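Quantities reported herein were computed from a predicted structural model and do not represent experimental measurements.
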Amino acid sequence: VYRQQNDETALLRILARTVQQTGSLECIEGPLAKIAKDHQLLDRIFQAAATAHDQKNSPAAATARVTAGIDLAMAELARMTERLDSATQFYQRALDDSPKRAATLLYHWGLALLDQQDYATAAEVFQEGIARQLGPKDPTVRKVYRANLYFFLAGALEMTGETSQAIAAARQAVKRQPDSALIASRQPWICRHAKRPTAAQKGYQRLIDTFDLKDHDRPTRKVLQAARFELAQLAIDRNDRQAAEQWLEQVRDEDPQNVGALNDLGSLWANQNKPLQP
C-alpha cells in the first residue's frame with residue numbers, strides 16, 4: 001500500500017520495523033522486488049534514511065524508534081538492489097549503532113562485497129567478523145557460523161592471490177565444521193584456482209573418500225559430483241583420458257542423464273575417434 005502511495009517515510013518505517021523483528025528483509029522480498037524497479041521511489045527511501053540518521057527526531061526515526069533499525073534495513077536493501085556504496089555506508093552505521101548485531105551485519109556485508117567482486121574488502125570484513133569472536137548464542141550454531149566466515153574468507157583471500165592464507169582459512173573452516181562436504185571442498189578449489197594441480201587432485205580425491213562412504217543428502221551429492229567433474233578436467237589436463245572417462249562415468253552412475261557428463265564424454269570419445277555410445 002505504501003509503495004502504491006509513494007510514501008517513502010512510511011516504507012522506511014516498515015523496513016526498519018521488519019529488520020528489528022526478524023533480523024533481515026527476506027520475509028518481504030516480493031514487495032521489495034517491486035520497490036527495486038521504481039528507481040525514483042528507491043532514491044527517495046535512501047534519502048529519507050539519510051535524513052533520519054542525521055535528524056534523530058525526524059518522523060521516520062521517531063516512529064521507528066531505533067536509528068540502527070533504519071541503518072540495518074537500508075544496508076540490506078542496498079545489498080539486495082546492488083548499491084554497494086550505499087550498502088557499505090549503512091552497514092558501517094549499523095555496526096556503530098548496534099554492535100550486538102555485528103555478527104550478522106559483518107557476515108551479510110562480506111557476502112555483498114563478494115557478490116560485487118570486491119574481494120579485498122570482503123576479506124577484511126570477514127576477518128573483522130572472526131576477530132570479534134561473535135556469533136549466535138547456541139554453541140553448535142556458532143561453530144557453523146564461524147566455519148562459514150572462514151570458508152568465505154578463504155575464497156576472498158584466494159581471489160586476491162593470497163593462496164597460503166586462503167588455505168589456512170579453509171583449514172580453520174574444516175576444523176569447525178568437519179562434517180560438511182561443502183566446507184571441505186574449499187581447499188582443493190583453492191589449489192585448483194592457484195594452478196596447483198597435484199594438490200587439487202589429492203584434495204578432491206580425499207573429499208570423495210571422506211564423504212562418499214556416508215549416507216549423504218542432496219547438497220553433499222552435488223559437492224561430490226562437482227568434485228568428480230574437477231577430477232575429470234584435471235585428468236584431461238594431464239592427458240589421462242582414461243581417468244577422465246572413469247570420473248565422468250561415476251557421475252553417470254548416479255545421474256545417467258547428467259547433461260554435463262554426457263557432453264564431456266561425447267567430446268572425449270569424438271576426440272579419440274571412438275564410436276559414440278547410445
Could you give the distance from [atom1] ([X]) to [atom2] ([Y]), rounded to the nearest 0.5 Å?
X: D209; Y: R206; atom1: CG; atom2: CZ; result: 9.0 Å
X: I45; Y: I35; atom1: CD1; atom2: CD1; result: 5.0 Å
X: L106; Y: Q127; atom1: CG; atom2: CD; result: 11.5 Å
X: D264; Y: W269; atom1: CG; atom2: CH2; result: 11.0 Å
X: I190; Y: R196; atom1: CD1; atom2: CZ; result: 9.5 Å

Does one hydrophobic cluster hold both [X] and [Y], with members joined at side-chain heavy-atom distances below 4.5 Å?
X: V144; Y: L153; result: no
X: L157; Y: Y119; result: yes
X: M80; Y: L42; result: yes

Give me the atom names and distance for the closest heavy-atom approach of [X] to [Y].
X: Y204; Y: P188; value: N-CB, 3.7 Å
X: T160; Y: A120; value: CG2-N, 3.6 Å
X: A52; Y: L12; value: CB-CD2, 4.4 Å
X: S185; Y: V223; value: CB-CG1, 3.9 Å
X: L114; Y: A122; value: CD2-CB, 3.8 Å
X: L224; Y: I208; value: CD2-CA, 4.0 Å

Has R176 got a side-chain atom pairing as donor or acceptor with Q172's backbone, closer than 3.5 angstrom?
yes
Could you pull out all residues at least two apart from W247 that satisfy ring pair (Phe, Tyr, Trp, His ring centres under 6.0 Å)?
none
What I'd like to find out is whether the side chain of [X] reaches to under 4.5 Å of the side chain of [Y], using heavy atoms alone.
X: T88; Y: D118; result: no
X: L95; Y: W109; result: yes
X: Q225; Y: N258; result: yes
X: R171; Y: Q187; result: yes
X: I14; Y: R3; result: no
X: N148; Y: I183; result: yes
X: W189; Y: E158; result: yes
X: Y91; Y: V125; result: no

Hey, are [Y] and [X] close enough side-chain-wise for a donor-acceptor pair under 3.5 Å?
X: Y2; Y: E8; value: no
X: T220; Y: D217; value: yes
X: R186; Y: Y150; value: no

Candidate pair L41 and L11, rule side chain to side chain contact (heavy atoms under 4.5 Å, CB included), full reasoning
CA-CA 10 Å; L41 177 58; L11 279 168; 3.9 Å; yes
Salt bridge present between D43 and R83 (N-O < 4.0 angstrom)
yes
Show, in sequence, the C-alpha distance, side-chain angles and deciding distance for I167 and C191, and conclude whether the side chain to side chain contact (heavy atoms under 4.5 Å, CB included) test is met.
CA-CA 8 Å; I167 290 175; C191 294; 4.3 Å; yes
Residue list, side-chain contact (heavy atoms from CB on, under 4.5 Å) with [X], at least two apart or on another chain:
X: I236; value: Q233, A244, L268
X: I28; value: L15, T18, L25, P31, L32
X: R238; value: Q201, L234, A235, D240, A243

Verdict with reasoning, Q177 to L182, per side chain to side chain contact (heavy atoms under 4.5 Å, CB included)
CA-CA 10 Å; Q177 197 178 2; L182 178 61; over 6 Å; no
Can you label the angle between the F90 ring and the F46 ring as parallel, tilted or perpendicular, going by 30° and 60°?
tilted
Applied to residues 19-40, the salt bridge (Lys or Arg N to Asp or Glu O under 4.0 Å) test, sequence neighbours excluded, yields none
Among residues two or more places apart or on two chains, list those pairs meeting salt bridge (Lys or Arg N to Asp or Glu O under 4.0 Å) that have a residue in residues 221-230.
R192-E230, D212-R228, R221-E254
Q40, CD atom: more than 12 neighbouring heavy atoms under 6.0 Å:
no
